[in-house]
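Proteins come first, then strands; the chains are lettered A, B, ... in the order of their sequence lines, and each starts at number 1.
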Amino acid sequence: MITQEILVECGVCGASIELETNVELNELVDCLDCTTEYEIIAINPVLIQEAPMECEDWGE
Amino acid sequence: MIGFLHSLIRKDEKLLISAFKEEGLNIELIDTRKLQLTPSMEFSFDIAVERVISTSQGLYTTQFLENQNIVVINSSTVANLCSDKISSSLALNKTNITQPKFGVAFDTTSALSVIEDLGYPVVIKPVVGSWGRLLAKINDIDAAEAILEHKQTLGSYQHSIFYIQEYIEKKGRDIRTFVVGDTCIAAIYRSSNHWITNTARGGKAENCPVSDEIAQISLKTAKTMGGGILAIDLFETPDGLLVNEVNHTMEYKNSIDTTGVNIPAEIVNYIKDKYL
């Protein structure tokens, strides 16, 4: 069985970010090379943009 | 249909979404950042789960849903109590749950008096906050004067609400327990050389067996907060356990393998059994 990868490019360092095939809209993913965090902003095709900065009321 | 309130979908949310799907439960994903809330707006579900990374967005969205008689887990009552450290400390005090001594003041002179009464070192925290953010361990009066002035001058009005706790020497670790309904399902030790042991700040997690003492204080705390799905932070002292904080939108992605407990599945089973 051939499993299709989803690859997107990190806008900061150019590394390939491999995504799970069951990626969700608004999912938080990170570049393993430079640790930049991204949000999935579209599916089909997958588009990413840098995740919003942490706000003072974020958390548990 | 179950409403799933979210903003960024972290691993915690993704695991929970998968757990719902594995049980054959349909969920409607609702990004709170896109909402235009009005009192009369209607939703296509009677039950919702709140998993929003922003405490304020989660709380207010919950209130709008409850206004439409939608049951939200956790409720706004629980969220309000847990998200405000003064409210939760007072609630714990009311039910005689052991916790670090604390005091509150609204100007720097009064805050210094609170600190002197508690005795150095103390910890000052924002009333609303998480992930070990903006905490300060104050070891002496020089540091106290500086931090109080900085908070009052540089922060929003919230930072002039000085919530001060006695510092508890916890010997490099604290305990995080996970309560789902009326069961303490798991616990972890969080260890660090730093006095802040949040895993968000680099604390390392390992399994903590749930003793009777841990379960008892966790369940009493959860009940005091109104119940639901809660994570409770405990300090170990020679005189017993103290409750430090209660969290109403718990993170667990790094605790599943550590504890051997499928936390998202437990959450889904709880919601299924109690509400569906």
Query - N-O pairing of A:Glu60 and B:Arg176 below 4.0 Å - result: yes

Report task. Count the heavy atoms of every other residue, nucleotide or ligand shown that sit under 6.0 Å from NE2 of B:His194, and state whether that count exceeds 12. Result -> yes

Requested in this report: Check whether more than 12 heavy atoms from other residues, nucleotides or ligands sit under 6.0 Å from atom NZ of B:Lys11, and answer yes or no.
Outcome: no

Report task. Output the option from A:Val29, A:Leu28, A:Ile40 having the highest count of non-hydrogen pairs under 4.5 Å with chain B. Result -> A:Leu28

Report task. May I have the step-by-step check of side-chain hydrogen bond (donor to acceptor under 3.5 Å, both in side chains) for A:Glu24 and B:His6, ending in yes or no? Result -> CA-CA 12 Å; A:Glu24 295 273 359; B:His6 70 88; over 6 Å; no

Query - Greatest number of heavy atom pairs closer than 4.5 Å to chain A - which of B:Asp31, B:Asp12, B:Leu29, B:Val128 - result: B:Asp31

Query - Neighbour count >12 (heavy atoms, 6.0 Å) for atom OH, B:Tyr270 - result: yes

Query raised in the report: B:Ile9 versus A:Glu39: any side-chain heavy-atom pair under 4.5 Å?
Result: no

Query raised in the report: B:Arg133 side chain to A:Gly59 main-chain N or O, any donor-acceptor pair under 3.5 Å?
Result: no

**Report entry** Heavy-atom pair with the smallest gap, counting every atom of A:Asp57 and B:Ser54
**Finding:** OD2-OG, 2.8 Å

**Report entry** chain A contact via B:Ser83 - side chain, backbone, both or neither, heavy atoms under 4.5 Å
**Finding:** neither

Query raised in the report: Does A:Glu27 come within less than 4.0 Å of B:Arg10, counting only side-chain N to carboxylate O?
Result: no

**Report entry** Part of A:Leu25 within contact of chain B (heavy atom distance under 4.5 Å)
**Finding:** backbone

Query raised in the report: Can you name the nearest heavy-atom pair linking A:Asn26 to B:Arg33, along with the distance?
Result: ND2-NH2, 3.2 Å

Query raised in the report: Does some side-chain heavy atom of A:Glu56 sit less than 4.5 Å from a side-chain heavy atom of B:Leu134?
Result: yes

**Report entry** Crowding at NZ, B:Lys204 (>12 non-hydrogen neighbours, <6.0 Å)
**Finding:** no

